[in-house]
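Single-structure report; data block below.
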Amino acid sequence: MRWPRGERLRWLFAPSFGDLAFALRSSLAAALSLLIAMWMELDSPQWAPLTVWVVAQSSRGESLSKARWRVAGTIVGCVAAVALVAAFPQASGLFFVTLGLWIGLCCGFATFFDGYRSYGLLVTSFTSTIVATGAIIQPDEVFDVAMSRGTYIILGIVCEAVLAMIFLPNLQERARARLLGRLETVCAAVSVGVARLVGGRADPEADQRLLAELMTANGRIEFDVLEMAPQTPRIADHARAAIADLLMMLARARGIAASGRPPGPALERDYQAARAHVAACVTPVRGDRFRFRTRSQRHAVEAVQNGLRACAGIIGAWLVWEVTAWPAGVTFVSMVSLVYGLLATREVPVMASGAFFRGALWCAAVAGVFAFLVIPAVTAPECLVLALLVPMTIGGLAARHPATAGYAFSFNMFLPVLIGPSNMGRFDEVSFLNGASAFLAAVLFARLTFGTVLPFRADAHLRRTRAWTENRLRAVADLRSRMTAYRWLSDNADSMVRTVRTAQDIPREALVPAMERHLEAMTLGMLVITVRQAVQDGRVPAGSEKRVRAFLRAWERSGDGARPVARELLWGLERRGGADPALVGALAGIAGGAAG
């Protein structure tokens, strides 16, 4: 079936089965959480369906990971809010300055982590604000507010988990098949890429796409294994080790292409090692104690900028409330904090906030229809929930379509919040308009601060990335360094993939050479690490060790400028004979220069 305007509405009128199942599952879970919250006569039941939409993901593993970190972040945030209110019960200035510093600290540290560990810190930040501002008028009730907010969140998570179990049968088998299929796909893709490189057909853009595929597969391992647990505790380690061997294989192929020499047995060893780890995923061994440790990459500049931006945003929102004496000022400050928590660690927050705001406009319009027309006409929570299923299902479908996912992000979460369902009555027109205007103003305010307070600049990020890469490339030659080849490759691959994703404003003629140099640096770094480890492990012939150490010192001082030293060293080793083939191959790759 073809639809007008390039099939732009196909996601709505002809969704796939998976998209429809996700939308129905999440909508029913949100509706169930709202009904239970109203049945329990909680004071703000709308926060329960918001939690459902926050944790709802297409993959059950993602939902599980996000849910557990949200619970942890909520607990810490509630404790922090109680402590803040207790410390400054009658000093609003000190309270909001301290709150801004706390939120800035959370957002800054969140940049140091990947996956939903980062999200846990963001939840801590906005939970602190929601609880603290909810009790600022009556500080004695801060504990009750914290307990109620925690109850909503747990209720939303439980409802989403129950519906996911009903809608997703055979979860472990599907996750296992998905993980193994992804590993087989990247193994095949790397084999093709290596054959292309060894055959002399260098293509930097193809290498970038292959690295992106590898890093995406590596990022999905955690979620697939969560769905398979607890029977397979070591599969995640084997899967990550397989990705590491494939990364090593790809970098080694670039080094071989640079040296102009025929491929040795190292490529085959890397591939067989990767296949062995894949086999360990296919057939887990009882009592397996294999470990493969990774760490999150640190982005110090982005962390400082995120922290300062969030701190300035919260203090600025408080000043707006303080100066205007806006009756909905508490809601405004809470919403600003929530928007920061949702968008602060996005790669380009100002771009994400644009789609978020457009979704917020749709949310306010639909909520207005419900507040003015639907809610006055219904007489029971069940009727309200049935009516809400229609826009929530549409929002769930939109969340699965890349072009509308940014809109659905804000629409799904805040629709129940703007309607404000309650057992004791309903929003009147003034209350709705105050709440909706506070919400839209908060989104606009956050967008403004994202664009004006230390805004993300792709060209500056590219320059920082190049300087960071060059500095680390020289540092790997230090004999005191413990940088492994895998850690070097994974850090640089992750950094390069992120740079490509955020480089929309950089001209192609500037971006392509920068990415070619990054690929070259990745290969050179791996080769220098091979030389350094040969010295550390005592695998250098006795008569050549001083010269190898001299080469490493020269590389540490001047980087690529030490290539002539590598050529002389290689010539001497080959003339004497008996040197480690890995050492000779690494020096040949360095002397020849990485393929560009």
Side-chain angles (χ1 to χ4, degrees), residues 1-34 46-60 62-63 66-67 119 156 159-160 163-164 167-168 335 338-339 341-343 346-371 374 384-419 421 436 439-440 442-444 446-447 501:
M1 181 181 296
R2 295 190 62 81
W3 298 94
R5 301 184 67 182
E7 302 187 353
R8 289 178 61 183
L9 296 179
R10 186 183 181 89
W11 62 270
L12 178 59
F13 295 107
S16 66
F17 177 78
D19 293 350
L20 185 60
F22 170 80
L24 287 175
R25 179 191 90 202
S26 303
S27 300
L28 290 174
L32 178 62
S33 69
L34 179 59
Q46 66 268 21
W47 293 104
L50 180 144
T51 299
V52 170
W53 285 109
V54 167
V55 301
Q57 301 292 325
S58 55
S59 162
R60 185 66 193 131
E62 288 182 88
S63 296
K66 198 170 188 179
Y119 176 73
C159 289
E160 197 276 336
L163 268 293
F167 273 75
L168 296 173
M335 290 296 181
L338 190 51
V339 173
L342 295 171
L343 302 178
R346 295 296 182 96
E347 290 173 340
V348 189
V350 69
M351 291 181 61
S353 64
F356 194 91
F357 178 68
R358 289 187 284 273
L361 291 175
W362 280 101
C363 179
V366 174
V369 172
F370 270 79
V374 177
L384 173 61
V385 165
L386 286 175
L388 277 172
L389 282 175
V390 176
M392 286 196 298
T393 302
I394 294 174
L397 291 173
R400 298 274 289 186
H401 184 61
T404 56
Y407 305 162
F409 187 36
S410 55
F411 179 89
N412 291 331
M413 286 190 292
F414 291 101
L415 179 61
V417 175
L418 294 188
I419 292 173
F439 169 57
L440 294 176
V443 179
L444 274 177
R447 179 172 170 77
R501 285 199 302 262

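Distance check: Thr404 OG1 to Leu9 CG gives 9.5 Å after rounding to the nearest 0.5 Å. Rounded to the nearest 0.5 Å, atoms CE (Met392) and CG (Leu415) are 7.5 Å apart. One finds the OH atom of Tyr119 at 6.5 Å from the CG atom of Leu342 (value rounded to the nearest 0.5 Å). Rounding to the nearest 0.5 Å gives a distance of 9.5 Å between CG of Asn412 and OG1 of Thr393. Distance CZ/Phe439 to CZ/Phe414: 5.0 Å, rounded to 0.5 Å. Atoms CE and CG, from Met335 and Leu440 in turn, are 10.0 Å apart once rounded to the nearest 0.5 Å.
With sequence neighbours excluded, the residues satisfying side chain to side chain contact (heavy atoms under 4.5 Å, CB included) with Val385 are Ala31, Leu34, Leu35.
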Decide yes or no on side chain to side chain contact (heavy atoms under 4.5 Å, CB included) for Leu384 and Phe370, but give the supporting numbers first.
-> CA-CA 9 Å; Leu384 173 61; Phe370 270 79; 4.2 Å; yes

Audit row: Val374, Ile419, side chain to side chain contact (heavy atoms under 4.5 Å, CB included) steps and yes/no = CA-CA 10 Å; Val374 177; Ile419 292 173; over 6 Å; no

Between Met413 and Leu338, does a side chain to side chain contact (heavy atoms under 4.5 Å, CB included) hold up when you go through it step by step?
-> CA-CA 11 Å; Met413 286 190 292; Leu338 190 51; over 6 Å; no

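Residues Val52 and Ser33 approach most closely at CG2-OG, 3.7 Å, considering heavy atoms. Of all the heavy atoms in Ala399 and Ala405, the pair that sits closest is O-CB, 3.7 Å. The heavy-atom pair separating Ala360 from Val443 by the smallest distance is CB-CG2, 4.3 Å. Here the closest non-hydrogen pair linking Leu343 and Ala352 is CD2-CB, 4.2 Å. Across Ala364 and Leu418, no two heavy atoms sit closer than the pair CA-CD1, 3.8 Å. The nearest pair of heavy atoms linking Pro416 to Pro49 is CB-CG, 3.7 Å.
Side-chain atoms of Ser26 do not come within 3.5 Å of backbone N or O of Ala23 as any donor-acceptor pair. Between the side chain of Ser27 and the main chain of Leu24, no donor-acceptor pair closer than 3.5 Å is present. Checking side-chain atoms of Ser16 against main-chain N and O of Asp19 turns up a donor-acceptor pair under 3.5 Å.
Relative to the six-membered ring of Phe357, Arg447 misses at least one condition, a distance below 6.0 Å or an angle of at most 45° to the axis.
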